[in-house]
Amino acid sequence: MKIEKRWIVSFVLIAFVAVLGLIWPSEPLNLSNFGTEENIVTADVAWLLTSSCLVLLMTPGLSFFYGGMVGKKNVISTMLQSFICLGVVSLLWVAIGFSLAFGDSIGITINENHYGIIGNPFQFAFFDQVAVLPHTKMASTIPFVLFALFQMKFAVITPAIITGSFAERVRFISYLLFICLFTLFIYTPLCHMVWHPNGLLGSYFGVKDFAGGTVVHMSAGFAALAGVLVLGKRKNSEHIPTNIPFVLLGTGMLWFGWFGFNAGSALAANATAAMAFATTTIASASAMLTWIFFDRLHRRKVSALGACIGAVVGLVAITPAAGFVSIPQSIFFGFIAAIVSNKMLYWKKLKAIDDTLDVFACHGVGGIMGMILTAIFAQGENASLLHGGWNVFGHHMIALLLVAAFTFFGSLLLYKVTNSIIPLRVSEESEQVGLDVSQHDERF
């Protein structure tokens, strides 16, 4: 059988990265940006190591969550689309992604202050200068390499979330190309603008995103929506979820891993981490119960699938606010987010475009609700609408529109570019057979 050129090119690229990493020159460490080993707090190191493991677990958890929802002919392909991000995005992050996200700011000057849009792509390329000393501005009590690896797990799961929207119809090699483009041109600039000390959205607009409501969930949600519009509907959009126990297992893994996702974002073993831990689980519990009770009000039966979706919506909604709100407020976060997402999930116009696993209704809408609620409830003087921060609320709403437009239209362009290089959609015959067999020659 003749080997397709696209696979030859793929192998050449990974070989090129491997060799380039071997010969990449190391620059002298700029000690003005780093503390000493005496600044390292061992408790913080232990917690961030644990949190990094927990966040990594979320990606295989997501693969079970999505894999159980699709039809039997597409279980393996759907799970692999999430799982493969552990390989693709991890290497991309080391080679250039972390540098783009957290390198010195390249951006614009407003009122004589410089605000970043993207990082210097060469500063931390191949983790150059990313070592054991703590960075004074980004993570002052843990080794900088641990901060980089913790952030890497966020970059890994973000494109994996998108996959649920176009499940059962995307070509695997095209998907690999898209997640590379998405990571480089959507995720890293958004990450820089929100989480870098000089980022445009974080520093100028004052956007509060504790653990990724905008950076992860809104970006994935709007990219999912764009993907559905580009790929179109499945030939047969009716299917019965194959394995609900997989969905339950995946939800449990996600909920467990989310403690690292949110509480780990305190970047220390401190009171903020403990509060984020608590608000995370309470918001999820509230959303899960709200979802199933709301379903009953609409004459739908209580389902394990609904309970799982509700729990995840609660986790999404509390993410941007986890360290900024109280436990009682987190109950409301889960409650209101579950109702809005539930209504969106059953909205006929959204159903008509065939978002296979309702990624936009859950992650996109959940992220939007989390951002709005954070701007209303975040605690602290002038921190939110209820605490005198009218400007903060206004800036959040402007930033919400900017993030939505950037991630949607940017992703739309990247899908078009990907499709022009390698067609995104599998053939009608391959779709009929199922992607497990047609793309991977495996059966569930």
Side-chain angles (χ1 to χ4, degrees), residues 41 44 47-48 51 110-111 113 115-116 136-142 147 150-151 154 190-218 258-284 286 314-337 366-403:
V41 177
D44 295 348
W47 173 233
L48 264 293
S51 295
I110 303 174
N111 297 329
N113 293 313
Y115 299 102
T136 54
K137 294 182 179 179
M138 293 188 220
S140 60
T141 63
I142 62 173
F147 173 77
F150 178 67
Q151 290 293 339
F154 286 73
L190 190 57
C191 181
H192 186 89
M193 287 188 283
V194 174
W195 284 336
H196 189 276
N198 298 324
L200 176 66
L201 294 177
S203 295
Y204 180 71
F205 284 92
V207 169
K208 291 177 170 58
D209 186 356
F210 190 76
T214 52
V215 178
V216 177
H217 297 291
M218 278 188 64
W258 226 291
F259 293 128
F261 199 86
N262 286 1
S265 292
L267 299 179
N270 57 18
T272 302
M275 185 58 69
F277 194 105
T279 56
T280 296
T281 198
I282 296 305
S284 185
S286 172
L315 293 167
V316 171
I318 196 62
T319 291
F324 303 137
V325 298
S326 67
I327 295 173
Q329 288 170 335
S330 71
I331 300 174
F332 181 77
F333 271 63
F335 171 78
I336 196 66
I368 292 170
M369 289 301 300
M371 189 174 182
I372 294 172
L373 292 169
T374 301
I376 296 173
F377 292 101
Q379 296 178 345
E381 186 177 354
N382 294 322
S384 62
L385 184 62
L386 292 184
H387 295 277
W390 290 91
N391 288 335
V392 172
F393 180 80
H395 284 167
H396 261 77
M397 296 308 100
I398 296 171
L400 187 152
L401 296 175
L402 291 175
V403 170

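On a predicted model such as this, the values are computed, not experimentally measured, just so you know. Throughout, numbering of the chain's residues begins at 1 and tracks the sequence.
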### Summary
Hits for side chain to side chain contact (heavy atoms under 4.5 Å, CB included) against Ser203, two or more places apart or cross-chain, chain-then-number order -> Tyr115
### Counterpart residues, side chain to side chain contact (heavy atoms under 4.5 Å, CB included), relative to Ile331 (two or more places apart)
Ile282, Ser286
Would you name the heavy atoms of [X] and [Y] that are closest together and state the gap between them?
| X | Y | value |
| --- | --- | --- |
| Ser384 | Ala375 | CB-O, 3.1 Å |
| Asn382 | Gly388 | OD1-O, 3.3 Å |
| Ile327 | Met275 | CG1-SD, 3.8 Å |
| Phe393 | Ile372 | CE1-O, 4.4 Å |
| Trp47 | Phe259 | CZ2-O, 4.0 Å |
| His387 | Gly380 | CB-O, 3.3 Å |

### Task
May I ask you to decide if Lys208's main-chain N or O and His396's side chain share a donor-acceptor pair within less than 3.5 Å?
yes
### Task
Please answer whether the main-chain N or O of Val215 pairs with a side-chain N or O of Asp209 as donor and acceptor at a distance below 3.5 Å.
yes
Measuring only between side-chain heavy atoms, which start at C-beta, is [X] closer than 4.5 Å to [Y]?
| X | Y | answer |
| --- | --- | --- |
| Leu373 | Gln329 | no |
| Met397 | Met371 | no |
| Phe154 | Cys191 | no |
| Val216 | Val316 | no |

### Task
Look at atom CZ of Phe324 and say whether more than 12 heavy atoms of other residues, nucleotides or ligands are closer to it than 6.0 Å.
yes
### Query
Does atom CZ of Phe277 have more than 12 heavy-atom neighbours, drawn from other residues, nucleotides or ligands, at distances under 6.0 Å?
no
Rounded to the nearest 0.5 Å, how far does [atom2] of [Y] lie from [atom1] of [X]?
| X | Y | atom1 | atom2 | value |
| --- | --- | --- | --- | --- |
| Phe377 | Ser330 | CZ | OG | 11.5 Å |
| Asn113 | Asn198 | CG | CG | 9.5 Å |
| Thr319 | Met218 | OG1 | CE | 13.5 Å |
| Leu201 | His192 | CG | NE2 | 10.5 Å |
| Phe332 | Ile318 | CZ | CD1 | 11.5 Å |
| Phe333 | Met369 | CZ | CE | 9.0 Å |

### Query
So Leu400 and Val207, side-chain contact (heavy atoms from CB on, under 4.5 Å) or not? Walk me through it.
CA-CA 9 Å; Leu400 187 152; Val207 169; over 6 Å; no
### Query
Please walk me through it: do Leu267 and Asp44 pass side-chain contact (heavy atoms from CB on, under 4.5 Å)?
CA-CA 7 Å; Leu267 299 179; Asp44 295 348; over 6 Å; no
### Query
Which residue pairs pass the side chain to side chain donor-acceptor pair (under 3.5 Å) test with at least one member in residues 272-283, sequence neighbours excluded?
Trp255-Thr281, Asn262-Thr280
### Query
Between Phe261 and Trp258, is the gap from one ring center to the other below 6.0 Å?
yes
